[in-house]
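Heads up, the thing below is written out as structure tokens.
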Amino acid sequence: MGLFDSLIDREKRSLARLQKMVEKIASQIESGQMNEAAETAGKAIEFTNRNAGKVSPTHRKEFSDAITSLGEMLRRLGMGRESGEILHRAILLNPGNAEARHQHALTLAVLNRPQEGIDAVEKAIEMNPARKEFWSTRGRLFEMIKNDKEAIRSYEKVVEIDPNDVEHYDRLLKYRPDDRVLLTKKGVALSRTKRFQEAIELFDYALERYSNDKALWINKGLAHNALGQLEEAVKSLNVAIKIDPDDVFVLHNKALILMKMGNPIPALDAYNEAVRRDPGNPQLWTERGEVLMAMKRFEDANTSFDRALEQKPDMLKALLLKKEALKELGRDIETIEVCDRILRLQPENLEAHVDRGVAMASIGRHSEAISSFNAALSIQPENRDILLLKLASLVEMNRYDDIVQVSDEILRINHSDEEALTQKGIALYNLGRYEEATKIFDHALKVNHKSLPALLYKKESLKHLGRDAEIIRVSDRIIELA
């Protein structure tokens with residue numbers, strides 16, 4: 001190993017040791033072992049002072065990061081002077097270390113040197129203006145020197161970067177306690193962070209001052225909705241609608257909540273108002289169609305889905321729901337057309353393949369129905385329901401060999417499937433395989449001893465086999481069931 005390699009290896013070991021010391025201090029602080037943490041910190045300071053000046057350019061960034069973490073720990077231990085000195089070392093090692101400058105600013109605040117802290121944090125902000133923590137520290141430092149204007153600007157920057165930062169809305173509200181925009185934004189932030197009850201209380205406070213503010217009523221309603229307080233949600237949204245009857249967003253949300261409450265008629269009224277104001281909105285037409293489906297007004301629902309698809313022809317949700325409406329209406333040709341549109345968008349859509357096959361079978365196009373069922377079975381090969389649908393089309397086409405094959409596939413899933421046993425037996429009978437057919441009918445009759453089709457075809461099979469005594473017994477059972 002060369003001299004340079006040896007130096008690099010030694011630096012790696014030193015860095016690892018320093019990092020472990022910092023981790024140990026953090027752990028000791030967390031567990032309340034403050035004396036032990038201070039002792040470890042003293043050793044870390046000594047180690048840093050001994051080694052920091054010898055670091056090669058290769059490892060300066062990593063050492064600077066580790067020393068920055070040490071500076072933070074020292075501040076937490078109340079060792080402000082030592083923290084400042086260590087952080088100064090971190091900055092010297094890597095002048096581009098924005099976090100080191102930020103931590104230095106925090107330490108300078110503790111040392112009651114706010115102006116120096118401001119200088120430090122502004123350098124950090126120059127390096128990384130998107131770190132909200134930097135702006136927060138800047139705000140606190142300006143508060144220390146009674147510069148409210150710059151403190152406010154800093155906190156405004158924090159909530160611009162993170163609109164959900166409730167703490168900094170509170171800091172701003174100290175300066176402007178009845179600011180309508182701030183109150184609204186804080187309430188929205190509380191809702192976004194799932195603190196819905198606090199949001200409602202804040203909106204109520206704000207509404208005492210600004211009772212005609214639509215945004216406050218809307219956000220109050222949405223918070224009630226999130227808590228499942230649906231009647232209160234609708235009441236709040238109704239006030240918002242009185243303030244602005246043309247607000248589609250409010251009408252839409254009112255309709256959604258009414259459907260959640262199981263009230264489709266007023267929900268439909270709200271959707272009607274919404275689409276009257278925004279007729280080019282495919283989402284509204286689609287959801288309106290869903291309400292009509294729930295009311296079993298399938299023709300009207302289909303019309304609503306068509307309006308959605310006029311705006312957005314490839315809207316999958318509208319196509320899927322239109323398919324369901326057409327199925328309810330028994331309009332097989334249109335169902336097939338919609339299934340084709342769905343499958344162009346989602347070639348692996350199982351239900352579209354199946355529904356296309358069912359519609360094809362319904363209009364007697366069994367060969368095409370089987371193709372659709374085969375496509376569905378390529379997605380779910382052991383789906384009994386699809387296999388039975390395929391079997392039914394094969395029966396209609398008198399494809400006896402295929403009937404036997406598909407029946408066997410079903411029987412591998414459930415060896416006592418009555419329908420598969422019966423259809424296999426009938427197919428074997430029609431193929432002239434009477435002995436096999438008789439055995440299959442016996443199996444079917446063990447599953448359901450009252451199966452009339454199995455008895456009738458067993459009797460016919462026995463006739464071909466010339467088994468007269470058994471024919472008599474089977475005939476007696478048929479008479480009993482008739």
Shortest non-hydrogen separation from [X] to [Y] and the atoms involved:
X	Y	result
A37	L77	CB-CD2, 3.7 Å
L87	A100	CD2-O, 4.1 Å
M315	L309	O-CD2, 3.8 Å
L321	T286	CD1-CG2, 3.8 Å

Rounded distance [0.5 Å steps], [atom1] in [X] versus [atom2] in [Y]:
X	Y	atom1	atom2	result
D417	L387	CG	CG	9.5 Å
L92	N97	CG	CG	11.5 Å
K43	K24	NZ	NZ	6.0 Å
F373	N383	CZ	CG	11.0 Å
Q28	N35	CD	CG	10.0 Å
S371	R356	OG	CZ	7.5 Å

Under the criterion salt bridge (charged side-chain N to carboxylate O under 4.0 Å, His left out), I'd like the reasoning laid out for E126 against K123: C-alpha separation, chi angles, the key distance, then a yes or no. CA-CA 5 Å; E126 283 176 21; K123 287 177 183 175; over 6 Å; no

Donor-acceptor check, side chain of [X] to backbone of [Y], threshold 3.5 angstrom: yes or no?
X	Y	answer
N225	G221	no
W217	N238	no
S362	V358	no
R101	P95	yes
S304	W285	yes

With a cut-off of 6.0 Å (strictly less than), are more than 12 heavy atoms of other residues, nucleotides or ligands near [atom1] of [X]?
X	atom1	answer
Q197	CD	yes
K185	NZ	no
E382	CD	no

Any Lys/Arg nitrogen of [X] or [Y] sitting under 4.0 Å from an Asp/Glu carboxylate oxygen of the other?
X	Y	value
R341	E337	no
D65	K61	yes
K327	E324	yes
R384	E419	no
R76	E30	yes

With L93 as partner, the option from E62, R60, H88 fulfilling side chain to side chain contact (heavy atoms under 4.5 Å, CB included) is R60

So, do [X] and [Y] sit near enough that their side-chain heavy atoms are less than 4.5 Å apart?
X	Y	value
W135	R153	yes
E231	M261	yes
V275	N281	no
F305	K317	no
Y169	V158	no
F134	P129	no
E99	R131	yes
D278	H252	no

Assess the residue pair I413 and E409 against the criterion (side chain to side chain contact (heavy atoms under 4.5 Å, CB included)); give the C-alpha distance rounded to whole Å, side-chain angles, the decisive distance to 0.1 Å, and a yes or no. CA-CA 7 Å; I413 299 167; E409 290 180 44; 6.0 Å; no

Show the numbers, then the answer: is there a salt bridge (charged side-chain N to carboxylate O under 4.0 Å, His left out) between E85 and R89? CA-CA 7 Å; E85 291 171 356; R89 280 194 175 276; over 6 Å; no

Applying salt bridge (charged side-chain N to carboxylate O under 4.0 Å, His left out) between D165 and each of K157, R171, K132, report the one that passes. K132

Could you go through K20 and E23, starting from their C-alpha distance and side-chain angles, then the distance that decides it, and tell me whether this counts as salt bridge (charged side-chain N to carboxylate O under 4.0 Å, His left out)? CA-CA 5 Å; K20 285 182 180 177; E23 288 171 8; over 6 Å; no

Regarding [X] and [Y], is there a side-chain donor-to-acceptor distance under 3.5 Å anywhere?
X	Y	result
Y155	E143	yes
T58	E11	no
S136	R140	yes

Can you confirm if the NZ or CZ of R209 lies within 45° of the ring axis of Y205 and under 6.0 Å from the centre of its six-membered ring?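 Judged by the rule (NZ or CZ under 6.0 Å from the ring centre, within 45° of its axis), R209 counts as positioned above Y205.
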
